[in-house]
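Here's the structure, in C-alpha cells; my notes come after.
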Amino acid sequence: LASSSPRRIELLRQVGFSPIVSPPDADETPRKDEGPAKMVSRLAREKARSVASRLGGADWLVIAADTIVVAPGGKKILGKPRDAEEAKRMLRAL
C-alpha cells in the first residue's frame, strides 16, 4: 500500500487484505492550472511509481490513492491546514 493513511490500511484489512505499508514520496503541491481531478490522478500515479521503484522490478501489486478537499464551486483545492484555526475556517467554508 503506497500510503500511511490509517483509514486506507483499515479498509484493506476489513476486506481481508494484510497490506505491506510503504509511505510514498510525492510532492503534493498543486501545479499551475491543474484542476482537482487531474491533481488526484497525478498524485495517485506518482505515489504508486514512488513505491514501485523501490521494489526492484519484483511482481508486486501496488495500491495508491489520493484524497483532496475542494471548496464549494469545485475549483479551489484546499490543502492541508497549517493549524487548528485554518482547519476551522476550511470546515466553515465547506
Side-chain angles (χ1 to χ4, degrees):
L1 176 63
S3 176
S4 55
S5 163
R7 185 67 183 132
R8 287 192 180 100
I9 296 165
E10 182 58 29
L11 285 170
L12 286 172
R13 287 184 178 147
Q14 284 177 8
V15 296
F17 291 96
S18 299
I20 297 170
V21 177
S22 182
D25 180 27
D27 179 4
E28 297 191 16
T29 306
R31 294 185 178 164
K32 185 179 177 184
D33 299 323
E34 181 177 54
K38 280 193 172 190
M39 181 177 171
V40 293
S41 294
R42 173 183 59 84
L43 287 173
R45 282 190 311 274
E46 286 181 6
K47 289 176 179 186
R49 286 181 184 133
S50 167
V51 171
S53 71
R54 291 185 234 148
L55 299 174
D59 291 331
W60 291 88
L61 170 65
V62 177
I63 298 172
D66 196 66
T67 304
I68 61 171
V69 177
V70 181
K75 301 218 187 249
K76 183 175 189 226
I77 298 167
L78 301 177
K80 292 181 180 159
R82 289 181 289 267
D83 54 36
E85 237 3 85
E86 186 174 31
K88 289 177 190 175
R89 281 194 302 277
M90 288 179 176
L91 289 171
R92 280 190 215 103
L94 295 172

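Reckoned from all heavy atoms, side chains included, excluding hydrogens, waters and symmetry mates.
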Is there side-chain contact between L1 and F17, with at least one heavy-atom pair below 4.5 Å?
no
For a 4.5 angstrom cut-off between non-hydrogen side-chain atoms, does L94 reach P72?
yes
Assess the side chains of R8 and T67: does a donor N or O sit below 3.5 Å from an acceptor N or O?
yes
Short side-chain donor-acceptor distance under 3.5 Å, S50 and R54:
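R54 vs S50: donor-acceptor pair found between side chains.
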Rounded to the nearest 0.5 Å, what separates atom [atom1] in [X] from atom [atom2] in [Y]?
X   : Y   : atom1 : atom2 : result
R7  : Q14 : CZ    : CD    : 5.5 Å
L61 : L55 : CG    : CG    : 10.5 Å
T29 : M39 : OG1   : CE    : 7.5 Å
L78 : L91 : CG    : CG    : 9.5 Å
D66 : S41 : CG    : OG    : 9.5 Å
I63 : L11 : CD1   : CG    : 11.0 Å

Do K47 and E28 meet the salt-bridge criterion of a basic N to acidic O distance under 4.0 Å?
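The answer is yes: the pair qualifies as a salt bridge.
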Can you give me the closest heavy-atom contact between V51 and S22, atom names plus distance?
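For V51 versus S22, the nearest heavy atoms are CG2-O, 3.2 Å.
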Might you point out which heavy atoms bring A44 and A64 nearest each other, and give the distance in Å?
O-CB, 3.4 Å
Which pairs would a plain distance check flag for residues 31-38, meaning a side-chain donor or acceptor within less than 3.5 Å of a matching protein atom at least two apart in sequence or in another chain?
from	atom 1	to	atom 2	distance (Å)
R31	NH2	E46	OE2	3.1
E34	OE1	R31	N	3.0
E34	OE1	R42	NE	3.4
E34	OE1	R42	NH2	3.0
E34	OE2	R42	NE	2.6

Give a yes or no on whether V62 and V15 share a hydrophobic cluster (residues Ile, Leu, Val, Met, Phe, Trp, Tyr; joining criterion: side-chain heavy atoms under 4.5 Å apart).
no
Single-linkage hydrophobic cluster V69~M90, side-chain heavy atoms < 4.5 angstrom:
yes
